[in-house]
**Student:** 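Here it is, the structure, as structure tokens.
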There are 2 protein chains.
Amino acid sequence: MIESYFDGISCHKDYVLAVKDTLNVVSGKWKLAIVCSLFHEKKRFSEIERMIPPITPRMLSKELRELEVNGVIVRNVITSMPIVIEYDLTLSGRELRGVVDKMVEWGLLHRQATISELT
Amino acid sequence: MIESYFDGISCHKDYVLAVKDTLNVVSGKWKLAIVCSLFHEKKRFSEIERMIPPITPRMLSKELRELEVNGVIVRNVITSMPIVIEYDLTLSGRELRGVVDKMVEWGLLHRQATISELT
DNA sequence: CTGGATCCAATGAGATACTG
DNA sequence: CAGTATCTCATTGGATCCAG
């Protein structure tokens, strides 16, 4: 198990790169919301659009493409009639759940800490 | 222990807020680097500046102020001669280490996953 | 339904010079 | 040493219209 990636003085370049990779996928206004919307099950474009208002089609399209390029989601074209396009998380994408949970955990603790500090 | 904050359909507003709080502190080009530079011990302005090239004084100043407002670091003015100003992490700030470690972990695994996928 | 194309505003970030 | 001030460029995100 990992203790910590920092030796206190410097930080190995691979770790810096790893953090940047993660940041690339979680930061921004919409990316994380899109990922979270797919935790439960795969969805179609308009389903995601409805789940994350008020995202515009333009932004959703752009973010989906970026997440796909980054290997976080997959785009599946179902050749039925009419054609249906489904988005789903990759294995890697699903593992983002651990990261998100950690972020929620810190956010909640931090808010509690800063509030109790003011009383 | 926390299983997950998502029920698959929706996501409680407090959790969304918590993620945003965390994102506020880790995203951007410099914030996380600054936080990490303080994991080992408190530092002065120019020490941080030297550790994170090529950050400009303008950016360092701005980011330090934001992190202070967000309760992640504290600014201590030591009234010696000459005056010394030290920056240190708050308790909350130190706990960011768990978040960063999780991010590094995912980043490394993800890179491995996407590479092995191409072979 | 699933987007692409274009235009525009707001914010982020770099360069350089300067101050108590 | 610990920043500020100003200017400028790059990136992000929104609005609207259009298309297969």
Side-chain angles (χ1 to χ4, degrees), chain A residues 16 19-38 41-70 72-89, chain B residues 16-17 19-38 41-70 72-89 93:
Chain A
V16 177
V19 175
K20 282 184 181 168
D21 283 352
T22 309
L23 236 33
N24 238 310
V25 159
V26 302
S27 57
K29 190 167 179 180
W30 305 113
K31 288 210 183 66
L32 208 45
I34 295 171
V35 169
C36 293
S37 78
L38 294 175
E41 57 180 0
K42 59 180 119 181
K43 290 192 174 58
R44 299 171 59 180
F45 190 92
S46 43
E47 290 178 310
I48 304 176
E49 196 180 355
R50 273 192 302 275
M51 284 191 68
I52 321 179
I55 192 172
T56 61
R58 158 170 150 62
M59 288 309 294
L60 182 53
S61 171
K62 188 174 141 262
E63 304 289 59
L64 284 171
R65 224 177 308 125
E66 287 180 25
L67 289 170
E68 193 193 356
V69 169
N70 283 327
V72 172
I73 66 174
V74 275
R75 181 182 191 268
N76 265 316
V77 181
I78 316 290
T79 57
S80 57
M81 203 50 178
I83 285 180
V84 167
I85 298 174
E86 283 176 346
Y87 294 92
D88 200 0
L89 293 170
Chain B
V16 177
L17 188 61
V19 174
K20 281 183 182 170
D21 285 350
T22 310
L23 236 32
N24 239 309
V25 159
V26 303
S27 57
K29 190 167 177 181
W30 304 113
K31 288 210 184 67
L32 208 44
I34 294 171
V35 169
C36 293
S37 79
L38 293 175
E41 55 179 2
K42 59 180 119 178
K43 290 193 174 56
R44 300 171 61 178
F45 189 93
S46 44
E47 289 177 311
I48 304 175
E49 195 179 357
R50 273 192 301 274
M51 283 193 68
I52 322 180
I55 192 172
T56 61
R58 162 173 148 64
M59 287 310 293
L60 182 53
S61 172
K62 188 175 142 261
E63 304 290 59
L64 283 172
R65 224 176 308 126
E66 287 180 27
L67 288 170
E68 192 193 356
V69 169
N70 283 326
V72 172
I73 65 174
V74 275
R75 181 181 192 269
N76 265 316
V77 180
I78 317 289
T79 57
S80 56
M81 205 46 178
I83 286 180
V84 167
I85 298 173
E86 283 176 345
Y87 294 92
D88 200 0
L89 293 170

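Quick note on labels: first sequence line is chain A, next is B, and so on, each numbered from 1. Side chains are part of it too, since the values below use all heavy atoms of this structure and drop only hydrogens, waters and symmetry mates.
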**Student:** Looking at every non-hydrogen atom in both residues, tell me the closest pair between A/P54 and A/W30 and how far apart they are.
**Tutor:** CD-CH2, 4.0 Å
**Student:** Under 4.0 Å between a side-chain N/O of B/Y87 and OP1 or OP2 of D/dG3, yes or no?
**Tutor:** yes
**Student:** Whole angstrom is fine here: how far is it from CZ in B/R44 over to P in D/dC1?
**Tutor:** 7 Å
**Student:** Using the heavy-atom set of chain A and a strict 4.0 Å cut-off, write down the first and last nucleotide of DNA chain C that makes it in, 5' to 3'.
**Tutor:** C/dC1 to C/dT6
**Student:** What does the B/S/- profile of nucleotides 4-14 of chain D look like, 5' to 3', with a 4.0 Å heavy-atom cutoff to protein?
**Tutor:** BBB------BB
**Student:** Hey, are the side chains of A/I34 and A/I73 touching, using non-hydrogen atoms and a 4.5 Å cut-off?
**Tutor:** no
**Student:** Can you list everything that forms a salt bridge (Lys or Arg N to Asp or Glu O under 4.0 Å) with B/E49? Sequence neighbours excluded, please.
**Tutor:** none
**Student:** What I'd like to find out is whether the side chain of A/I85 reaches to under 4.5 Å of the side chain of A/F45, using heavy atoms alone.
**Tutor:** no
**Student:** I need the minimum non-hydrogen distance between B/I55 and B/M59, along with the two atoms involved.
**Tutor:** CG1-CB, 3.9 Å
**Student:** Looking only at heavy atoms, what is the nearest atom pair of A/P82 and A/S80, with distance?
**Tutor:** O-OG, 2.8 Å
**Student:** What pair of heavy atoms forms the shortest contact from A/S37 to A/I48, and how long is it?
**Tutor:** OG-CG2, 3.9 Å
**Student:** Heavy atoms, side chains only, cut-off 4.5 Å: are A/M51 and A/K43 in contact?
**Tutor:** yes
**Student:** Quick one: B/E49 CD to D/dC1 P, roughly how many Å, whole number?
**Tutor:** 8 Å
